[in-house]
Amino acid sequence: MYAERRDGEKPSVTTDGRSARAERTRQAVIEAHIALIRAGELKPTGAQIASRAGVSLRSLWGHFGDLETLFAVTGAELMRRQVDAYEPIDPSLPLEERIDAYCRQRAEMLEYIAPFARSSEIRVPFSRELQRNRVRYLDRARYEIRALFSDQFEGVDGTVRTHIENLLGVSTTWPTWVSLRDVLRLPVPEAVEVMKRSVSALLAEASGAGRQQAVARAAQEKAAVAPHRRAQQSRPVPAMTPREQVVVPA
């Protein structure tokens with residue numbers, strides 16, 4: 001809100017200054033939250049975050065209200081960084097090259113978010129915001145899949161397409177990656193190879209389904225036309241009237 005002023009006076013900079021300080025505080029808290037998790041503190045407290053940010057605990061809660069709000073803004077910041085770092089892969093590349101580039105790119109991103117994903121696992125059963133963050137990551141993966149592999153889904157009906165896109169999303173996001181890395185203890189290169197096999201198999205299934213459905217549609221169209229053709233062929237030829245008959249001279 002501007003302070004009262006006479007016509008022609010410039011607005012007070014007090015409000016702008018306060019807004020700038022508030023934004024700096026918010027950003028400091030977000031950066032502190034990210035830094036603590038990356039350092040291995042998977043469940044940082046409000047006091048730890050405030051101390052790392054150099055602000056009072058009262059100021060932290062004054063800006064964010066509760067942990068859910070802090071989870072939301074931290075998640076948004078992490079997603080923004082990933083989107084900024086994302087480099088689209090050329091969809092005209094041969095399929096094998098696209099799969100290789102995509103899986104390596106996903107692996108790099110998953111290694112980057114690993115500390116935050118592990119932190120999320122601790123709180124996610126009790127946090128709607130963290131649950132929403134998981135859905136956002138899955139949606140992002142499906143968006144990238146649709147953009148890069150659209151040619152493999154040509155002719156695939158909506159239900160089958162949705163099922164395969166969901167499987168591809170799960171295969172290239174944290175739930176599968178954590179199984180490969182933490183449960184099976186695979187090094188990154190081996191985990192990437194497993195991901196590539198999964199993606200290749202699912203895309204091959206999509207492409208095959210598209211071909212099968214195209215053949216089925218063609219057969220249905222042919223079957224729909226056939227009775228009409230048979231009906232035309234079976235119509236009796238009308239007899240000619242005497243006037244229409246042509247007498248050939250002997």
Side-chain angles (χ1 to χ4, degrees), residues 30-45 48-49 52 67-89 96 98-149 162-206:
I30 294 168
E31 294 294 341
H33 191 198
I34 291 172
L36 283 167
I37 293 173
R38 186 166 291 286
E41 187 60 62
L42 300 185
K43 195 176 179 182
T45 64
Q48 288 174 311
I49 297 169
R52 181 71 177 246
L67 281 174
E68 284 291 281
T69 304
L70 182 55
F71 293 158
V73 296
T74 301
E77 174 61 18
L78 289 170
M79 181 65 77
R80 183 194 66 77
R81 293 182 186 185
Q82 290 170 53
V83 171
D84 288 348
Y86 175 69
E87 295 182 3
I89 298 165
E96 187 174 346
R98 275 182 283 162
I99 293 172
D100 181 75
Y102 179 69
C103 291
R104 292 181 187 281
Q105 186 181 70
R106 293 298 297 173
E108 184 177 352
M109 185 276 294
L110 289 164
E111 286 297 293
Y112 171 78
I113 70 163
F116 311 104
R118 292 188 177 97
S119 173
S120 173
E121 286 178 339
I122 298 172
R123 300 183 189 265
V124 74
F126 318 103
S127 170
R128 290 186 178 180
E129 190 56 47
L130 291 176
Q131 291 164 15
R132 283 192 284 267
N133 283 347
R134 282 190 168 185
V135 174
R136 292 185 188 108
Y137 279 106
L138 185 56
D139 287 344
R140 177 71 193 183
R142 288 187 296 212
Y143 165 79
E144 293 175 6
I145 287 162
R146 284 192 291 269
L148 185 57
F149 302 112
T162 298
H163 289 169
I164 294 176
E165 284 181 355
N166 285 340
L167 284 167
L168 284 164
V170 171
S171 298
T172 58
T173 49
W174 179 252
T176 299
W177 190 251
V178 71
S179 294
L180 296 173
R181 296 284 285 123
D182 291 2
V183 179
L184 297 178
R185 298 190 178 281
L186 298 182
V188 170
E190 286 188 34
V192 169
E193 290 303 313
V194 173
M195 184 189 292
K196 285 166 60 177
R197 285 181 178 272
S198 298
V199 171
S200 297
L202 288 167
L203 290 175
E205 182 180 350

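Note that the numbering runs from 1 along the sequence shown for the chain. Everything quoted here is computed from the prediction, not taken from an experiment.
With sequence neighbours left out, the salt bridge (charged side-chain N to carboxylate O under 4.0 Å, His left out) criterion links Glu31 to Arg81. Every side-chain hydrogen bond (donor to acceptor under 3.5 Å, both in side chains) that Glu193 has, sequence neighbours left out, goes to Lys196. For the side-chain contact (heavy atoms from CB on, under 4.5 Å) test, residues two or more places apart in sequence or in another chain that qualify with Met109 are Gln82, Arg106, Ile113. Annotation: salt bridge (charged side-chain N to carboxylate O under 4.0 Å, His left out) contacts of Arg104 (sequence neighbours excluded): Asp100. By the side-chain contact (heavy atoms from CB on, under 4.5 Å) test, Val135 is found to be paired with Asp139, residues two or more places apart in sequence or in another chain being considered. Every residue two or more places apart in sequence or in another chain was checked for a salt bridge (charged side-chain N to carboxylate O under 4.0 Å, His left out) with Arg134, and none qualifies. Residues satisfying the side-chain contact (heavy atoms from CB on, under 4.5 Å) criterion with Pro88, sequence neighbours excluded, are Tyr86. Under the rule for a side-chain contact (heavy atoms from CB on, under 4.5 Å), the partners of Pro115 that lie at least two apart in sequence or sit in another chain are Ile37, Arg38. Under the salt bridge (charged side-chain N to carboxylate O under 4.0 Å, His left out) criterion, Arg185 pairs with no residue at all, not counting sequence neighbours.
Ile89 approaches Leu148 most closely through the heavy-atom pair O-CD1, 3.5 Å. Thr173 and Leu110 make their closest contact through C-CD2, 3.8 Å (heavy atoms, listed as atom of the first residue, atom of the second, distance). Contact between Leu36 and Pro44 at its shortest, heavy atoms only, is CD1-CB, 3.9 Å.
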Open item on the list: Quick one, His33 with Val73, criterion side chain to side chain contact (heavy atoms under 4.5 Å, CB included). Give me CA distance, side-chain angles, the key distance, then yes/no.
Closed with: CA-CA 10 Å; His33 191 198; Val73 296; over 6 Å; no

Task: Residues Glu68, Ser127; criterion side chain to side chain contact (heavy atoms under 4.5 Å, CB included); working and verdict - done: CA-CA 7 Å; Glu68 284 291 281; Ser127 170; 2.5 Å; yes

TODO: Under the side chain to side chain contact (heavy atoms under 4.5 Å, CB included) rule, what do Glu144 and Thr172 come out as? Steps first, then yes or no, please.
DONE: CA-CA 11 Å; Glu144 293 175 6; Thr172 58; over 6 Å; no

- [ ] Any chance you could lay out the side chain to side chain contact (heavy atoms under 4.5 Å, CB included) test for Val170 and Leu167, step after step, and finish with the verdict?
- [x] CA-CA 5 Å; Val170 171; Leu167 284 167; 5.8 Å; no

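Judged as a salt bridge (charged side-chain N to carboxylate O under 4.0 Å, His left out), the pairs with a partner in residues 124-133 (not counting sequence neighbours) are, in order, Glu129-Arg132, Glu129-Arg136. Residue pairs meeting the ring-ring contact (aromatic ring centres under 6.0 Å, His included) criterion with at least one partner in residues 99-136, sequence neighbours excluded, are Tyr102-Phe149. Listed by first and then second residue, the salt bridge (charged side-chain N to carboxylate O under 4.0 Å, His left out) pairs involving residues 165-182 are Glu111-Arg181, Arg118-Asp182, Arg146-Glu165, Arg161-Glu165 (not counting sequence neighbours).
The backbone N or O of Val124 sits less than 3.5 Å from a side-chain atom of Gln131, completing a donor-acceptor pair. The backbone N or O of Pro187 lies less than 3.5 Å from no partner atom in the side chain of Glu190, so there is not a single donor-acceptor pair.
Side-chain contact check for Leu168 versus Arg142: every heavy-atom pair is 4.5 Å or farther apart.
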